[in-house]
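Below: one structure, written as structure tokens.
What you see below is based on every heavy atom in this structure, not just the backbone, and it leaves out hydrogens, waters and symmetry mates. We name chains A, B, ... by the order of the sequence lines, and we start the count at 1 in each one.
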Amino acid sequence: MKSKESEYKELFLVEALENFEELNKLFIDLEKEHSNKSAINSIFRITHTLKGNAMGMGFSGIADLSHVMEDIMGAVKNGEIVLTRQIFETLFKANDKLGELINAINTGKKVSYLGLKTKLAVILREAKESEPAGQKDTPEVQPAQVEEGEEGAGTDVVIKDDVMPEIAFADVIQIPVKKMDELMNLVGQLIIERDRLMALSGNDGRRTSEFESLQRISSNLQFGIMNARMVQMGFLFNKFHRIVRDAAAIEKKNVSLSLKGTEVEIDRNILKTMSDSLIHLVRNAVSHGIESAGTRKAAGKPEGGSITLNATYEKDRVNIMISDDGKGIDAAIIRKKIVEKGMVTSEVARALSDEDVLMYVFEPGFSSAEKVTEISGRGVGMDVVKRTVESMGGQVKIETETGKGTTITLMLPSSLALKGALLFELDGQEYAIALSYTEAVISLKKNEIHKIGDGLMAQYLDSTISIVFLKDLTRMEDLSEISRKGALHKTFSSISEDEHLDVIIVSYSGKQTGIVIDRLLQRKEIIEKTLPKPLDKIKLLSGTTILGNGNVCPVIDVTAVVDLLYKNVIKTDKTLVA
Amino acid sequence: MNKRVLIVDDSGYMRSKIQEVLTNEGFEVAGTAPNGETAIDMALELKPDFITLDNILPDMTGLDVLKTIKEQGLESVVIIISAVGQQSTINEGLELGASEYITKPFSEEHLIRSIRKVLD
């Protein structure tokens with residue numbers, strides 16, 4: 001595993017070489033026309049950036065040289081220095097030297113630059129001095145041209161001049177994400193095509209073994225491309241030092257941030273999609289989680305609050321945890337609030353467990369009345385966080401202890417490319433369900449399922465869980481039919497008593513639900529495509545995938561199914577509150 | 001071991017002349033530099049025992065060179081060579097850490113005597 005240092009160094013190098021290439025181009029533009037304003041401004045800007053970055057990395061040579069270059073370009077910009085051929089030549093040389101210094105980071109070669117740096121500093125000083133006074137301490141200074149012709153003829157020990165120009169290549173290349181997406185797409189199609197071929201060869205065991213190496217190679221290829229898209233979590237986490245500092249300054253709180261699991265890798269697109277949500281959660285932790293220094297002291301806590309960002313692998317998932325040691329969330333207050341807001345009746349609220357109540361924090365409409373501070377007024381609410389996580393097949397979890405703090409966990413897939421899925425059959429059609437939500441597949445007899453109110457229940461392990469016949473939902477013309485009496489009993493009532501049922505147990509938002517299907521087919525890696533418009537309005541589906549046999553297979557959206565059931569139950573089911 | 005010297009002068013003739021005198025005198029000429037930029041880099045690279053430093057160079061003054069190399073902690077003995085009448089330059093040079101000065105034009109004996117004086 002690469003260290004953070006070497007990762008930074010690599011990034012710095014990539015950027016510095018880019019800066020250098022850009023400078024080269026700009027200097028060439030500037031050579032054609034010494035008064036090219038935009039080139040002057042750009043060189044000023046780039047050397048400034050480079051200086052800052054190099055200082056941060058402790059590359060003093062690059063920092064020193066780009067600093068004096070920046071100063072000269074600044075003076076040129078302000079008209080304090082007229083860019084003569086001679087000055088230009090020196091700058092051009094300085095740029096070459098900058099390139100040498102950047103390359104030397106890798107090669108470890110010693111590069112002398114102080115001579116040139118001093119020369120530039122002298123140019124700068126003289127330009128500034130000569131302007132007002134017009135008088136020089138050293139009137140005898142001759143124009144450079146006078147002696148230049150002769151210099152080469154001397155028998156000087158030449159250390160550094162006339163170095164062969166070298167074109168530098170960093171060991172890292174940058175690839176536009178678009179190209180990576182394309183590759184991913186192509187490899188996805190390749191896998192589908194492979195599966196199709198393998199399906200064509202039928203159940204002939206001898207034939208399928210001939211596909212073994214094709215299968216292995218294409219899977220490796222897919223894995224390789226997925227892997228190339230991975231970035232380390234530290235990439236995003238490290239930006240949070242600043243975010244926490246700023247948020248804490250606004251709130252006048254003392255908050256420290258610690259990072260863990262920065263080496264955990266995740267798909268770049270997932271990280272990008274999550275970045276706004278993470279900012280929101282961290283700012284929330286600063287402004288709502290961490291108490292003021294006085295309150296903390298009174299509670300016997302250290303005055304400074306602390307926030308931890310952590311990332312861990314869990315199976316093929318990555319969990320991101322945002323923890324604070326603040327005041328925690330009081331379920332009783334949330335319970336009161338959701339009733340006040342009319343989200344649930346007071347009877348329902350009383351019946352809900354603390355865990356269920358806390359999940360309402362993520363509901364749309366919950367946080368809207370929160371006072372908009374400089375920090376939280378960013379248009380990303382907790383409901384958006386949850387929706388974002390779920391759009392990628394992930395889940396959110398909240399754990400809190402009053403007075404001790406809160407941890408919000410985002411459970412994310414580590415890669416968007418492939419999803420583990422269960423394929424099953426329903427009414428003669430193949431469907432898929434994301435493995436990330438499934439907990440088990442069990443077999444139930446009809447008499448193990450009981451009607452309770454408008455819903456169905458069964459015993460699973462130690463708890464009673466809701467059961468739904470997926471058919472009852474897919475056969476509806478309109479999902480609003482669900483509130484009609486007996487809508488979820490239709491299939492249940494029509495089957496014979498001793499029938500064995502395949503039930504997929506899914507777990508979502510802290511609730512287990514059994515989904516009854518016709519027949520389980522197989523476990524499979526799928527590449528899910530989101531639905532094109534206007535089909536994206538279809539509630540129960542998250543997307544589609546193409547199977548080896550060429551059939552289009554809808555992917556059931558577990559979150560939608562569970563939300564639909566659960567909301568229906570708490571709105572209508574009186575037994576729950578009895 | 002022979003003392004090593006870096007000769008800094010913008011005039012090629014002057015460099016050859018000083019080189020010849022000092023070689024005859026038993027010094028090892030580690031390098032010669034025609035301008036300030038090269039002088040600084042060579043001085044820091046070669047770390048000579050002493051440097052003859054002409055104050056008038058095409059790209060900067062000898063004092064600029066002196067200042068930079070002293071800032072870098074270079075311990076070489078520096079002998080400033082300046083034109084007659086540049087007393088302020090000489091004073092500043094001595095303040096910056098030069099050990100001796102010679103004014104142009106100078107004789108061979110004068111040069112050698114001055115060098116011996118600071119090296120012994």
Side-chain angles (χ1 to χ4, degrees), chain A residues 60-61 64-65 68 72 84 86-94 96-97 100-101 109-127 129-130 135-163, chain B residues 4-20 23 28-48 54-74 82-89 92 104:
Chain A
S60 57
D64 283 355
L65 196 58
V68 66
I72 290 195
T84 61
Q86 191 196 342
I87 294 176
F88 175 81
E89 292 292 337
T90 310
L91 280 169
F92 204 88
K93 221 168 136 187
D96 288 345
K97 188 70 89 181
E100 279 180 56
L101 282 165
K109 208 179 108 194
K110 195 173 163 290
V111 177
S112 329
Y113 68 93
L114 281 163
L116 195 55
K117 187 200 140 197
T118 310
K119 185 168 170 173
L120 288 167
V122 168
I123 289 175
L124 191 67
R125 184 190 66 207
E126 286 185 348
E129 275 175 3
S130 71
Q135 219 175 14
K136 280 185 195 166
D137 192 29
T138 52
E140 292 160 72
V141 171
Q142 301 145 344
Q145 294 92 303
V146 175
E147 293 284 348
E148 255 169 27
E150 189 218 26
E151 277 167 20
T155 52
D156 301 340
V157 181
V158 176
I159 298 178
K160 43 157 248 331
D161 274 339
D162 302 322
V163 204
Chain B
R4 295 162 62 251
V5 59
L6 170 67
I7 300 167
V8 183
D9 203 303
D10 61 331
S11 151
Y13 163 74
M14 230 15 191
R15 288 196 301 274
S16 316
K17 193 72 201 160
I18 298 175
Q19 183 165 8
E20 191 193 322
T23 309
E28 182 196 332
V29 177
T32 66
N35 56 51
E37 182 193 343
T38 314
I40 291 171
D41 291 344
M42 285 180 98
L44 294 171
E45 171 79 26
L46 300 171
K47 298 186 176 47
D54 185 14
N55 188 47
I56 294 158
L57 297 168
D59 53 351
M60 61 186 80
T61 67
L63 295 185
D64 290 317
V65 175
L66 177 62
K67 190 157 176 275
T68 305
I69 60 176
K70 287 293 171 193
E71 272 170 5
Q72 294 299 313
L74 195 71
S82 110
V84 179
Q86 293 285 318
Q87 195 55 45
S88 64
T89 304
E92 206 184 323
K104 276 188 199 172

For the CG atom of B:Leu74 and the CG atom of B:Leu6, what is their distance to the nearest 0.5 Å?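 Reported value, rounded in 0.5 Å steps: 9.5 Å.
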Given that the side chain runs from C-beta out, which part of A:Lys117 has a heavy atom under 4.5 Å from chain B: side chain, backbone, both or neither?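 For A:Lys117, no heavy atom lies under 4.5 Å from chain B.
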Heavy-atom pair count under 4.5 Å with chain B, highest-scoring of A:Val122, A:Leu120, A:Leu114, A:Thr90: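 Most heavy-atom pairs under 4.5 Å with chain B: A:Leu114.
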Of the backbone (N, CA, C, O) and the side chain (C-beta and beyond), which part of B:Gln72 lies under 4.5 Å from a heavy atom of chain A, both, or neither? side chain
What I want to find out is whether A:Arg125 reaches B:Asp64 closely enough, with some N-O distance under 4.0 Å, to be called a salt bridge.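 Result for this pair is yes, salt bridge flagged.
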For the pair B:Lys67 and B:Glu71, find out whether any cationic side-chain nitrogen is under 4.0 Å from an anionic carboxylate oxygen. yes
A:Thr118 and B:Thr68: side-chain donor and acceptor closer than 3.5 Å? yes
